[in-house]
Amino acid sequence: SPNVGDDIQLTVTLSNAGPDTATSVVVAEPLPEGLTFVSATASAGSYDSAQGRWNVGPVPVGDPVTLEVVAKVESPDTQSVTAEVVEVDQADPDSKPNNQKPGEDDQASVSYTPQVVDLKIAKVDFPDPVYSGRELSYSITVSNAGPSAATEVMVTDTLPAHVTFVSATASQGAVSSTAGTVVAQLNTLALNASATITILVQVESRYEGPLVNQAAIQGRQYDSDTANNTDTTNTIARLPPAQISGTVFLDLSTNGVQNT
């Protein structure tokens, strides 16, 4: 199955079982709305992409001719492409041109369904609130509701200001960090599969305020629901509580000397 954005090749082979040469042959092969024409190569005649017609010309007995159409997949929906002989000078004993009857041998169809996934990402911060100068962890869970397997799955997490990257691990694939951005290459997520990523950072000393962090997921396939491809946490950083040290004593004379 192709992906949305891929080019696919459609090949039509037209043959003549005789006994006479077929002349003025025209084959209709219009592309559905889910396909965009890229190119066409015909071993005989020419293809009119605007009309979706292959003007073949003569087809000798026992000498097949071919048409190869390359088109780009634009829609995630199932598409069908039909080729049918719509014009020929001679009578055909077992089919009639341009009658749209699938059972006849002058008509053939092919269907394809592009790959579709539903990737989802969820993110949790801990602790929240967090004290300045302490460590903060982000736990990210990603999943694929399908129906196809997701490939080239990647999670990108841009760390907020006022934190320093400490470490990152993933349950599969590889994780890297560059200039405050953590990237997890998770490779493939099968239908209903999930993976986890844990990121550890240290909050800047003496900083207090919000730490907004967003993670996003993407894959190679068309995603049926992009609304769940990002998740954001907003952690509050606070200064640690003050610590009082020393000795408390009774000073009735207010001279700084402890009364006994």
Side-chain angles (χ1 to χ4, degrees), residues 1-15 25-43 45-56 64-87 92 94-122 142-155 185-195 216-230:
S1 298
N3 288 310
V4 173
D6 285 351
D7 287 349
I8 62 172
Q9 180 174 293
L10 304 165
T11 302
V12 179
T13 301
L14 181 63
S15 59
V25 179
V26 178
V27 174
E29 190 190 31
L31 297 179
E33 292 184 358
L35 288 176
T36 299
F37 175 78
V38 176
S39 65
T41 303
S43 65
S46 61
Y47 179 73
D48 183 342
S49 61
Q51 299 295 321
R53 291 167 70 91
W54 177 22
N55 300 299
V56 185
V65 293
T66 60
L67 170 68
E68 294 179 350
V69 175
V70 177
K72 177 175 286 187
V73 179
E74 303 285 2
S75 168
D77 300 327
T78 298
Q79 303 287 335
S80 294
V81 183
T82 299
E84 182 188 13
V85 175
V86 293
E87 294 180 21
D92 192 318
D94 57 9
S95 61
K96 182 178 180 180
N98 201 27
N99 64 352
Q100 291 84 50
K101 287 189 176 181
E104 296 185 351
D105 65 357
D106 69 345
Q107 178 175 328
S109 299
V110 63
S111 297
Y112 68 90
T113 301
Q115 300 178 54
V116 176
V117 299
D118 181 11
L119 294 173
K120 179 180 179 180
I121 188 168
V142 298
S143 58
N144 173 27
S148 302
T151 61
E152 300 178 26
V153 178
M154 181 175 69
V155 172
Q185 302 284 357
L186 302 178
N187 303 323
T188 300
L189 278 180
L191 170 63
N192 296 326
S194 63
I217 188 171
Q218 66 183 55
R220 176 70 180 83
Q221 287 69 29
Y222 177 87
D223 197 313
S224 60
D225 182 9
T226 57
N228 57 14
N229 289 170
T230 60

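For clarity, every value in this text was computed on a predicted model and none was experimentally measured. Numbering starts at 1 and runs along the sequence shown.
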Between [X] and [Y] (side chain of the first, backbone of the second, donor and acceptor by atom type, cut-off under 3.5 Å), is there such a pair?
{"X": "S43", "Y": "T66", "value": "yes"}
{"X": "E104", "Y": "K96", "value": "yes"}
{"X": "E84", "Y": "A28", "value": "no"}
{"X": "D105", "Y": "S95", "value": "no"}

Quick one, [X] and [Y] - any side-chain contact, counting heavy atoms below 4.5 Å?
{"X": "L31", "Y": "L10", "result": "yes"}
{"X": "S194", "Y": "L189", "result": "no"}
{"X": "P97", "Y": "E87", "result": "no"}
{"X": "E74", "Y": "K72", "result": "yes"}

Exercise. Verify whether one side chain among Q221 and D223 offers a donor that lies under 3.5 Å from an acceptor in the other.
Key: no

Considering non-hydrogen atoms only, spot the tightest contact between [X] and [Y] and give its length.
{"X": "P2", "Y": "Y112", "result": "CG-CD1, 3.7 Å"}
{"X": "T78", "Y": "T113", "result": "OG1-OG1, 2.7 Å"}
{"X": "V116", "Y": "S224", "result": "CG1-CB, 3.9 Å"}
{"X": "A83", "Y": "V12", "result": "CB-CG2, 3.9 Å"}
{"X": "L119", "Y": "G219", "result": "CD1-N, 3.7 Å"}
{"X": "V155", "Y": "V142", "result": "CG2-CG1, 3.8 Å"}

Quiz item: Where do Q185 and N187 land on the side chain to side chain donor-acceptor pair (under 3.5 Å) test, with the steps shown first?
Solution: CA-CA 6 Å; Q185 302 284 357; N187 303 323; over 6 Å; no

From [atom1] ([X]) to [atom2] ([Y]), nearest 0.5 Å:
{"X": "L14", "Y": "D106", "atom1": "CG", "atom2": "CG", "answer": "9.5 Å"}
{"X": "N229", "Y": "K120", "atom1": "CG", "atom2": "NZ", "answer": "11.5 Å"}
{"X": "N144", "Y": "L186", "atom1": "CG", "atom2": "CG", "answer": "11.5 Å"}
{"X": "Q100", "Y": "T82", "atom1": "CD", "atom2": "OG1", "answer": "9.5 Å"}
{"X": "S49", "Y": "E29", "atom1": "OG", "atom2": "CD", "answer": "11.5 Å"}

Quiz item: Should D118 and N228 be marked as a side-chain contact (heavy atoms from CB on, under 4.5 Å) after you check the CA-CA gap, both sets of side-chain angles, and the distance that decides it?
Solution: CA-CA 9 Å; D118 181 11; N228 57 14; 3.3 Å; yes

Quiz item: Which of these, V70, V38, L35, sits in a side chain to side chain contact (heavy atoms under 4.5 Å, CB included) with I8?
Solution: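 The side chain to side chain contact (heavy atoms under 4.5 Å, CB included) with I8 is passed solely by L35 among V70, V38, L35.
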
Quiz item: Does the pair R220 and D6 meet the rule for a side-chain contact (heavy atoms from CB on, under 4.5 Å), with working shown?
Solution: CA-CA 11 Å; R220 176 70 180 83; D6 285 351; 2.4 Å; yes

Exercise. Report the C-alpha separation of Y222 and V73 in whole Å, then their side-chain angles, then the decisive distance to 0.1 Å, and conclude whether the side-chain contact (heavy atoms from CB on, under 4.5 Å) test is met.
Key: CA-CA 11 Å; Y222 177 87; V73 179; over 6 Å; no

Exercise. Could you check T151 against Q115 for side-chain contact (heavy atoms from CB on, under 4.5 Å), going step by step and ending with a plain yes or no?
Key: CA-CA 10 Å; T151 61; Q115 300 178 54; 5.6 Å; no

